[in-house]
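In what follows, a single structure is set out as structure tokens and then discussed.
Every chain is numbered from 1, with letters handed out A, B, ... down the list of sequences.
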Amino acid sequence: MRWRGGTSRRHFLKNCLTGVAILRASGKVPLLEASEQGTAAGKSRVVIARDPQLRDAGTTVDSNRMLKLLDRSVQAVFNLDNPTEPWKKLARPGDKVGLKMNALGGRGLSSNLQLIEAICERLQEAGLRASDIVIWDRDTDELERAGFHVSTGGNRVQCFGTDRVGYEDELVTYGDVGSRLSKILTEHCDVLINVPVLKDHDGAGITAALKNMYGVIHNPNKYHPNGCNPYVADVNMLPEIRRKMRLTICDATTASYEGGPGYKPQYAWKNNALIVSQDPVALDYIGWQIIERKRAEQGLKTLEAEDRAPRYIATAGDAQHQLGTNDPKKIVVVEV
Amino acid sequence: MSGEVNAQAGFPAAGETEIAQSVRGAFSCALDRRSFLKCALLSGAALSICDGAQPLVAMPLPAVPQKRDDSRFTVEAKFYQKLQNQKIKCKLCPRECTVGDKERGYCGVRENHGGTYYTLVHSRVCAAHIDPIEKKPLFHYLPGTLALSLATAGCNVNCKFCQNWDISQVRPEQVPAEYAPPKLVADLAKQHGCPTIAYTYSEPVVFSEYLMDAADAGHETGIRSVVVSNGYMQEEALKTAYGKMDAVKIDLKAFTESYYKDVVVGALKPVLDALVTLRTMGKWTEIVYLVVPTLNDSDAEFRGLARWIRTNLGVDVPVHFTQFHPEYLLKNLPITPVPTLERAKAIADAEGLHYVYVGNVPGHPAENTYCPKCHRVLVERVGLTAKQVLIRKGACPFCGQQIPGVWHA
Ligand code: SF4
């Protein structure tokens, strides 16, 4: 696809997006609360959108197909026909929107560039200014290694790591966690969209939606014992995270089933899918099952058998945390 | 992390004025933890500050600082084992983190680069002060002298009461630091009349490579080294790293595994083992026990601790029962009442320990050192100042009783 400015969308982002508002929102719509689900009867909807031709003739993801894949998945979450409408429910013009990606896996296994471009495009079409969108993770060098270019000024989509602005001095606590939050979250985001990668994790079992919030706190190294349980759930309970989180768009275009969280090509597979939900617990539960199926296909033991089942998912869904549901009976998986 | 309070983070203590004055006198500038090295060491000729900034890829960044080059702080770790798939197992502390490529261990200051493990904090000093040695506290080691005291970021446990959590519970890149290579540290100690370098404030276990090199540099110029540590360390690393120390202070945080698990996020047994190892090494060691109301202040614990020390280390090991102040994740508890500390001391005294002190209570008579035989005052202290030292040739001048410790430079 071509970008409106006459350059391809990919090229546009790489050169630090010039902030042309594509479409203006015609009026304010009520925003979805973080807890509001797009599914009736108290069930959580998890959408899996696939496109076997996503990469077509090579390894690079096709931008046009990615945009369509994103549209299909997000529209299915919100049950809406128009590709722009869901974004208007997530953020209003004037809001600052953070895309918390995962850049740990370098170019091989980080949040996909074309996916991030597509999200930025739709957000701008929903009336958001480019300069009000920030693509971020913990470390700027890691973002660059994942293929993103640093951008911190002008009328462009912003892109930088917390290392550039630091963490709040104040400690915030919940349960067993006491941490300082990234100033990107506290100062640059009114709305948080989580864009993790579906990966195996040697300590936690898997990492997807919930675990990606470790990139928001200053001391994630302290919360890896005991398979990250209950720490992952506790981190997600920190009020600023909980209040701002609107949607998880999990990049499962390339995923890993072993050897994670770093990129090991031998354990990664081209899955060509997005997993999208407003319930991070349900999303993680479904992501876990996908990884288990792949492991079985590869003749590997289950994570349970390896004593690294992601128990933090159940903790996140328990009565104390109520971050979502890990009960398969309460999850509706929609494949599109 | 060590129980010693970094001046910026801590509560006022007696002697603080004197410390501040002595420090200002030495460095001609008011010191706070973060500016110390910048203002003080720059005024000395020895330290070269180089920001090592890298050019930015895309845009000028008026509002966000540029990335620093951390390569000079990055030195291969000494205690680890290589595993398959570029993983390593750290053998420095009992946690034995298994760390994948590009990941860090629990302490946050050691990182795996392609199957080789590195410390990120060699010569990366984030806190430095000149303190009385009594502040460590070391009461039987060169009383009345000063120690050039320094720390890097990081800790291998996560005590809920940590007084210095803003440097111990952070990654090195999250706290301002300066480059202070070993020889510079030794030279500064000498230059400012400190017979000792003290590794303290955060947790020196995690900067073992640096303290070993700094101790070597110090010894070459006649400067000693002491460490203030949690003792949560593997035996081989302890022998190698703390073998270079002239004295050790261990924070024994409680006498139950449950406290170590819940409050410290560590384990008691390795610390007790470390104390025994230090004893067999003949290393001068003192013990601090921070008394936290309701959590580790029962008679049974005090008695169990005292008996264990008597049996395994002997009655001459100084034990300091110190006062807790609410901090970090334990703000809901009160300051330890002085009678609780006195109860702990009474129990330890009754169990036969010879040198039991009450700490963080300025002016308390149990800050003094008394002869265990004739009970006369041998070292009189007020807060962090040793006002009078009467010990002569390691003995009581009144009755001749040998007083264990390192009394003379
Ligand atoms: S020193 Fe650090 S990396 Fe090594 S085992 Fe201990 S906590 Fe883990």
Side-chain angles (χ1 to χ4, degrees), chain A residues 14-16 104-106 138-145 148-154 156 158-167 169-171 173 175-180 182-184 187-188 200-203 217-226 258-264 266-267, chain B residues 54-70 83-87 95 97-112 114 153-160 162 165-166 168-171 173-176 206 261-262 265-266 327-332:
Chain A
K14 285 211 151 197
N15 289 284
C16 304
L104 195 71
R138 194 180 55 190
D139 187 77
T140 308
D141 281 356
E142 285 178 358
L143 285 163
E144 290 182 321
R145 281 198 291 273
F148 291 79
H149 276 232
V150 177
S151 170
T152 63
R156 305 170 182 84
Q158 310 291 294
C159 179
F160 54 92
T162 301
D163 59 310
R164 294 296 171 90
V165 292
Y167 295 85
D169 289 338
E170 284 300 308
L171 204 62
T173 60
D176 284 341
V177 161
S179 294
R180 289 153 60 180
S182 165
K183 285 186 181 170
I184 301 181
E187 293 178 0
H188 295 259
D200 171 81
H201 191 287
D202 56 1
I217 57 174
H218 84 292
N219 54 352
N221 46 297
K222 295 293 177 189
Y223 303 127
H224 280 85
N226 196 41
E258 172 73 359
Y263 177 47
K264 308 267 183 339
Q266 67 272 33
Y267 299 127
Chain B
Q54 290 177 333
L56 281 166
V57 177
M59 297 296 300
L61 299 176
V64 262
Q66 298 185 356
K67 185 114 184 150
R68 291 174 65 103
D69 177 7
D70 291 341
L83 305 176
Q84 286 185 328
N85 281 331
Q86 298 188 319
K87 287 187 178 178
R95 207 172 284 282
C97 298
T98 299
V99 184
D101 185 23
K102 296 194 180 64
E103 291 178 37
R104 294 190 191 178
Y106 179 88
C107 54
V109 302
R110 297 172 171 267
E111 192 166 276
N112 179 345
C155 183
N156 59 343
V157 296
N158 188 9
C159 301
K160 287 192 164 81
C162 185
W165 67 270
D166 59 340
S168 69
Q169 301 303 325
V170 300
R171 293 175 167 227
E173 65 273 21
Q174 293 168 354
V175 62
V206 307
K261 180 169 172 284
D262 298 337
V265 194
E327 195 42 85
Y328 189 37
L329 302 172
L330 267 190
K331 288 187 172 160
N332 58 329

_Distance in Å, T173(A) OG1 paired with K160(B) NZ, rounded so as to fall on 0.5 Å steps_ =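 Atom-to-atom, T173(A):OG1 and K160(B):NZ are 11.0 Å apart.
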*asked:* To the closest 0.5 Å, what do you measure between NE2 (H224(A)) and CZ (R95(B))?
replied: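 Interatomic distance, H224(A) NE2 to R95(B) CZ, rounded to 0.5 Å: 13.0 Å.
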*Indicate the atoms forming the closest heavy-atom contact of Y223(A) with N158(B), along with that distance.*
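Nearest pair, atom of Y223(A) first, then N158(B): OH-ND2, 4.4 Å.
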_On a heavy-atom basis, which atom in N221(A) and which in Y106(B) lie closest, and how many Å separate them?_
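Reported closest heavy-atom pair: ND2-O, 2.6 Å.
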Using a 4.5 Å cut-off on heavy atoms from C-beta on, say whether the side chain of [Y] contacts that of [X].
| X | Y | value |
| --- | --- | --- |
| R138(A) | R171(B) | yes |
| E173(B) | D139(A) | no |
| K222(A) | V265(B) | no |
| V170(B) | R180(A) | yes |
| K102(B) | P261(A) | no |

*Check for a donor-acceptor pair, side chain of H218(A) on one end and backbone N or O of Q169(B) on the other, with a separation under 3.5 Å.*
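At least one qualifying donor-acceptor pair exists.
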*Part of C107(B) lying under 4.5 Å from any heavy atom of chain A*: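 Backbone of C107(B) only, per the 4.5 Å heavy-atom cut-off to chain A.
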*Below 4.5 Å from any heavy atom of chain A, which atoms of Q86(B) appear? Answer side chain, backbone, both or neither.*
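Contact with chain A is absent: no heavy atom of Q86(B) under 4.5 Å.
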*Crowded around Q266(A) CD? As in, over 12 foreign heavy atoms under 6.0 Å?*
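Result for CD/Q266(A): enclosed.
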